[in-house]
> 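So that we are looking at the same thing, I have put the structure below in structure tokens.
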Amino acid sequence: MSSAFIAAVAARRTYYGLSKASPIPDAKIKAIVADLVKNCPSSFNSQSSRAVIFFGADNDRLWLDVVKPTYFEILSDEAGKKTYGDKIAGYAAGYGTVIFFEDQAIVDGWTAKMPALAGVFPVWSGNSTGMLQFAVWTALETEGLGASLQHFGSYSPSTDPLIQKTFGLPSTWKSTAMMPFGTPVGGPGGPHPKTFDLLDERVRVIGSESA
């Protein structure tokens, strides 16, 4: 029934406060991510999406030794460093992190095969990674794990190369998002309750007499 799926989607929220605990074992987390990498759609079945899961000391290294110093390269004021230093420490305080990548060798390969569509393969690649991120986020939430979606790989040009070098990843893997996760500490979201715009302004039906 679609109602169970929709309920899971509605329950997915952003959690910033995370602890170094998980209600499920690491093997279960890996299985969830692997199943979704396998089954989420991609254009022409290109299968360009990649995911890396960080646990334990390597999760700390990711945030404190890679993300923090490279992000600080683009911050000029001490107030910003204090604010984002605290945020990054909060992500490191979680149980783990999933980084999502798109393999540019795959994307470029399809562009070479079909040059007439060269301009849209990056768009379709973005569609693929977005669906995977959402699916993993929702699945982790159903298991009792909170998460948020961060994009530090997009801010500093030094971040992706240092991730690749530090953890032995291919240079063609371009990060699209980072998902710190763990058992939630506190409620979801920011200081304000989540609100919704009018659906009649966001959803239109054409050609139905009953909808």
Side-chain angles (χ1 to χ4, degrees), residues 2 5-6 8-9 12 14 26-55 58-59 61-63 65-67 70-71 73-74 91 94 96-143 145 147-181 202-204 206-207:
S2 62
F5 174 74
I6 293 171
V9 170
R12 185 220 51 79
T14 294
D26 296 357
K28 177 67 173 177
I29 296 171
K30 177 186 176 183
I32 289 170
V33 174
D35 282 345
L36 293 171
V37 168
K38 177 181 178 180
N39 290 301
C40 277
S42 58
S43 62
F44 294 94
N45 196 31
S46 59
Q47 303 177 62
S48 56
S49 295
R50 306 287 185 263
V52 178
I53 312 167
F54 296 81
F55 295 109
D58 284 318
N59 188 59
R61 287 177 66 204
L62 168 68
W63 288 106
D65 298 341
V66 176
V67 173
T70 56
Y71 186 60
E73 290 175 0
I74 65 171
Y91 306 140
T97 302
V98 183
I99 300 188
F100 301 91
F101 299 86
E102 285 291 300
D103 190 344
Q104 299 308 295
I106 302 295
V107 178
D108 292 345
W110 278 96
T111 297
K113 289 179 186 178
M114 306 178 73
L117 299 176
V120 292
F121 273 109
V123 176
W124 292 338
S125 170
N127 295 158
S128 297
T129 191
M131 287 186 283
L132 177 60
Q133 293 160 22
F134 169 73
V136 170
W137 196 348
T138 303
L140 293 180
E141 177 103 11
T142 65
E143 298 288 348
L145 287 162
S148 68
L149 202 63
Q150 307 302 323
H151 301 89
F152 287 92
S154 302
Y155 302 144
S156 169
S158 302
T159 302
D160 267 8
L162 189 55
I163 290 173
Q164 294 158 358
K165 178 180 178 181
T166 303
F167 299 104
L169 302 177
S171 62
T172 58
W173 288 20
K174 178 183 178 181
S175 71
T176 56
M178 302 175 178
M179 186 178 290
F181 63 86
R202 302 173 65 191
V203 180
R204 298 187 182 188
I206 299 174

> Is I99 close to F54 at the side-chain level, that is, under 4.5 Å between some pair of heavy atoms?
yes
> Write down the atom of L62, the atom of V66, and the distance for their closest heavy-atom approach.
O-CB, 3.2 Å
> Are Q150 and V67 side-chain neighbours, meaning at least one heavy-atom pair lies under 4.5 Å?
no
> Which atom pairs, one a donor and one an acceptor, fall under 3.5 Å between side chains of residues 26-40 and the rest of the protein, sequence neighbours left out?
from : atom 1 : to  : atom 2 : distance (Å)
D26  : OD1    : Y95 : OH     : 2.5
N39  : ND2    : D35 : O      : 2.8

> What pair of heavy atoms forms the shortest contact from W137 to A147, and how long is it?
NE1-O, 3.4 Å
> Yes or no on side chain to side chain contact (heavy atoms under 4.5 Å, CB included) for V136 and F100, after CA distance, side-chain angles and deciding distance?
CA-CA 10 Å; V136 170; F100 301 91; 3.9 Å; yes
> Only one of D160, T159, D65 passes side-chain hydrogen bond (donor to acceptor under 3.5 Å, both in side chains) with T70; say which it is.
T159
> Restricting to non-hydrogen atoms, name the atom on E73 and the atom on S156 that form the minimum distance, rounded to 0.1 Å.
OE1-OG, 3.8 Å
> Going by ring pair (Phe, Tyr, Trp, His ring centres under 6.0 Å), name the residues that satisfy it together with F152, two or more places apart in sequence or in a different chain.
W63, Y71, Y155
> Which residues pass the salt bridge (Lys or Arg N to Asp or Glu O under 4.0 Å) test with R12, not counting sequence neighbours?
none
> Quick one: pull up OG in S48 and CH2 in W173 and give me the separation to the nearest 0.5 Å.
11.5 Å
> With sequence neighbours excluded, tell me which residues meet salt bridge (Lys or Arg N to Asp or Glu O under 4.0 Å) with D58.
R61
> Over all heavy atoms of both residues, which pair between I106 and S46 is shortest? Give the atoms and the distance, please.
CG2-O, 3.4 Å
> Side-chain donor-acceptor contacts of residues 115-132 below 3.5 Å, not counting sequence neighbours, with atom names and distances?
from : atom 1 : to   : atom 2 : distance (Å)
S125 : OG     : E102 : OE1    : 2.6
S128 : OG     : W124 : O      : 3.2
T129 : OG1    : Q133 : NE2    : 2.9
T129 : OG1    : T176 : OG1    : 2.7

> Would you give the length of the straight line joining atom CE of M179 to atom CD1 of I53, rounded to the nearest 0.5 angstrom?
11.0 Å
> For T166 and L162, indicate whether the former's side chain and the latter's backbone hold a donor-acceptor pair under 3.5 Å.
yes
> Within the 4.5 Å heavy-atom criterion, are M114 and F44 side-chain neighbours or not?
yes
> When you look at T138 and F5, which way does the side chain to side chain contact (heavy atoms under 4.5 Å, CB included) test go after all the steps?
CA-CA 10 Å; T138 303; F5 174 74; 5.8 Å; no
> Among I163, L149, V98, find the residue that satisfies the side chain to side chain contact (heavy atoms under 4.5 Å, CB included) test when tested with M178.
I163
> Which residues pass the salt bridge (Lys or Arg N to Asp or Glu O under 4.0 Å) test with D103, not counting sequence neighbours?
R50
> Working note: T172 + F101, criterion side chain to side chain contact (heavy atoms under 4.5 Å, CB included); need CA distance, chi angles, decisive distance, verdict.
CA-CA 9 Å; T172 58; F101 299 86; over 6 Å; no
